[in-house]
Amino acid sequence: MAKIVIKVNMASDKCRSKAMALVASTSGVDSVALAGDGKDQLVVVGDGVDSIELTTALRKKVGHATLMTVGEDKKEEKKPEPAIVEYPYPWNCYPYGYAPPPQHVVYQYPASSSWWW
């Protein structure tokens with residue numbers, strides 16, 4: 001991600017909104033923000049943005065523009081580490097939240113088959 005700072009002479013809110021709309025419509029721009037004491041700097045963050053073309057377009061549409069800095073955006077997204085869940089007794093964990101009923105033998109046939117007849 002590239003971070004570009006452009007100083008533009010913007011006297012009114014109409015000029016600011018026009019400049020921000022122009023920059024936001026440029027391909028590859030992720031975010032646009034105003035900076036500086038007089039809100040006269042545009043901070044553009046994006047990937048694959050041509051800073052010279054952007055400055056030239058601002059000069060044509062809005063007014064005098066000066067390219068201040070071009071660099072890498074220092075914000076790095078930190079991915080949270082996945083939480084490890086430890087169960088106190090992993091051998092007693094059942095998928096449905098309850099233990100299955102114990103298996104009992106209801107009736108057992110005798111070994112010899114002479115009782116039937």
Side-chain angles (χ1 to χ4, degrees):
M1 292 283 210
K3 181 178 179 182
I4 303 167
V5 179
I6 303 172
K7 184 172 183 177
V8 184
N9 289 341
M10 298 178 285
S12 65
D13 289 336
K14 184 177 179 181
C15 290
R16 286 185 190 96
S17 63
K18 185 176 180 180
M20 288 186 73
L22 176 69
V23 172
S25 66
T26 307
S27 64
V29 173
D30 289 334
S31 67
V32 181
L34 290 172
D37 294 333
K39 302 283 185 185
D40 60 346
Q41 294 179 357
L42 289 172
V43 179
V44 182
V45 177
D47 196 21
V49 180
D50 189 4
S51 59
I52 296 174
E53 287 182 13
L54 192 61
T55 307
T56 305
L58 283 168
R59 284 180 186 153
K60 287 180 182 178
K61 299 285 183 177
V62 179
H64 183 73
T66 306
L67 184 61
M68 301 295 283
T69 60
V70 178
E72 291 295 318
D73 189 22
K74 295 182 180 164
K75 292 182 183 175
E76 293 185 12
E77 296 178 13
K78 294 183 180 180
K79 296 180 181 177
E81 295 182 14
I84 300 173
V85 177
E86 293 185 22
Y87 296 104
Y89 303 104
W91 53 87
N92 287 337
C93 293
Y94 297 102
Y96 301 108
Y98 59 89
Q103 301 295 320
H104 295 288
V105 177
V106 176
Y107 182 77
Q108 186 174 6
Y109 290 107
S112 64
S113 62
S114 62
W115 69 272
W116 189 261
W117 276 276

**Fill in**
Besides I4, the hydrophobic cluster formed by Ile, Leu, Val, Met, Phe, Trp and Tyr side chains linked at under 4.5 Å, directly or via other members, contains I6, V8, M10, M20, L22, V23, V29, V32, L34, L42, V44, V49, L54, L58, V62, L67, V70
**Request:** Give the minimum heavy-atom separation between K18 and K61, together with the two atoms involved.
**Result:** NZ-O, 3.2 Å
**Item:** Residues which pass side-chain hydrogen bond (donor to acceptor under 3.5 Å, both in side chains) with T66, listed by chain and number, not counting sequence neighbours
**Value:** H64
**Side-chain cluster (under 4.5 Å, hydrophobic types only) that V5 belongs to, other residues** = V43, M68
